[in-house]
Amino acid sequence: SWKGLLQQYREYLPVTEETPLLTLHEGNTPLIYLPKLSEQLGVELHVKTEGVNPTGSFKDRGMVMAVAKAKEEGSDTVMCASTGNTSAAAAAYAARANMKCIIVIPDGKIAFGKLAQAVMYGAEIYAIKGNFDQALTMVRNICAKLPITLVNSVNPYRIEGQKTAAFEVCEQLGTAPDVLAIPVGNAGNITAYWKGFKEFHERNQTGLPEMRGFEAEGAAAIVRNEVIEEPETIATAIRIGNPASWDKAVSAAEESNGKIDEVTDPEILSAYKLLARTEGVFAEPASCASIAGVIKQIKSGEIKKGSKVVAVLTGNGLKDPNTAVDESEIKPLVLPNDEDAVLEQLRG
Ligand SMILES: Cc1ncc(COP(=O)(O)O)c(/C=C/C(=O)C(=O)O)c1O
């Protein structure tokens, strides 16, 4: 049975005899084929449903590695800035590892489910009147002054853990896909996937995909090649204007003959609803930037018909219930507790 990433992929990871084999059974997430969207779009489209991870996002992959190494090195406290999922994962793995977790989040811009997780896992939470980029700068400075381990994706152990998703995609598909579509915020995940595909190809000749990363238009620093001081998008997970792994994301796109592109909030929301209502897969808005991007680039011809495409769904839709209800034209019809009243509606 599945033993978690540190054991399953030990040979690819910086796991030593001293590394605590921390796990919440992260990884081994489904790769789901989408028959209707594949038909509609003219490609072979699969989604990597990272929302199935223990805390509901891909962050668990990197966090299990980073927290385990922090403990191995004798640290008793981890800290991160977060738009929400990093902090949820850090708080969970810190609790599991009997360590303290301190998080800094942008006040009022964190999806409710993610705040619920940080609260319940027992993190020390600071909500600053600033954005993620400002929070990250602050946390990097603090971790340089205090004996606290920084676990944002500038911590290389995060990238090591997250690259395992590329291994699973290759194992599940039997090969690397032609295209890997992925949302881009701080750009750690696109960096990790590319590293993973290259390492897995070196050992198993599985091939290399085009890396196609998608920023939200209101936070598209890489696309515009400038820091976005006031990033804005409904996809709060990727409301990031100065990606920490900016150059690595550009390298991944260039080396793989891929591209860093942008999608608008309407395109994200349209993909968000299409995916759930057509294929029964509910992913949070930022995750659907990958689906919106695939639709955009099939239309432009950048993604060829018949391509084998994997879109990464980075977070569970349940993370952001407010956006789901607020942005939906489908509303409950409130009725008296009366069977005839309902029957009357059904007979419409
Ligand atoms: C659902 C979801 N989808 C995509 C991204 C972008 O990944 P990166 O490009 O590796 O940053 C995030 C990132 C979240 C944070 O950065 C955080 O939690 O602080 C996310 O939560």
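Each ligand, and each atom within it, is numbered from 1 in the order the structure gives. We use all heavy atoms of the structure for the numbers below, so side chains are in, but hydrogens, waters and symmetry mates are not. Model, not experiment: these values are computed from the prediction.
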Proximity flag [X] to ligand 1, non-hydrogen atoms under 4.0 Å:
X: S153; result: no
X: S57; result: no
X: I240; result: yes
X: E50; result: no

statement: salt bridge (charged side-chain N to carboxylate O under 4.0 Å, His left out) test vs K259 passes for just one of E210, E302, E215, namely E302
Which atoms of ligand 1 are found less than 4.0 Å from any heavy atom of [X]?
X: F132; result: 19 (O)
X: N186; result: 8 (P), 9 (O), 11 (O)
X: I238; result: 4 (C), 5 (C), 6 (C)

Test your reading of the structure: does [X] have an N or O sitting under 3.5 Å from an N or O of ligand 1?
X: T314; answer: yes
X: S287; answer: no
X: G188; answer: yes
X: N85; answer: yes

message: A cation-pi test, strictly: NZ or CZ of R203 under 6.0 Å from the centre of the six-membered ring of Y12 and no more than 45 degrees from its axis. Yes or no?
response: yes
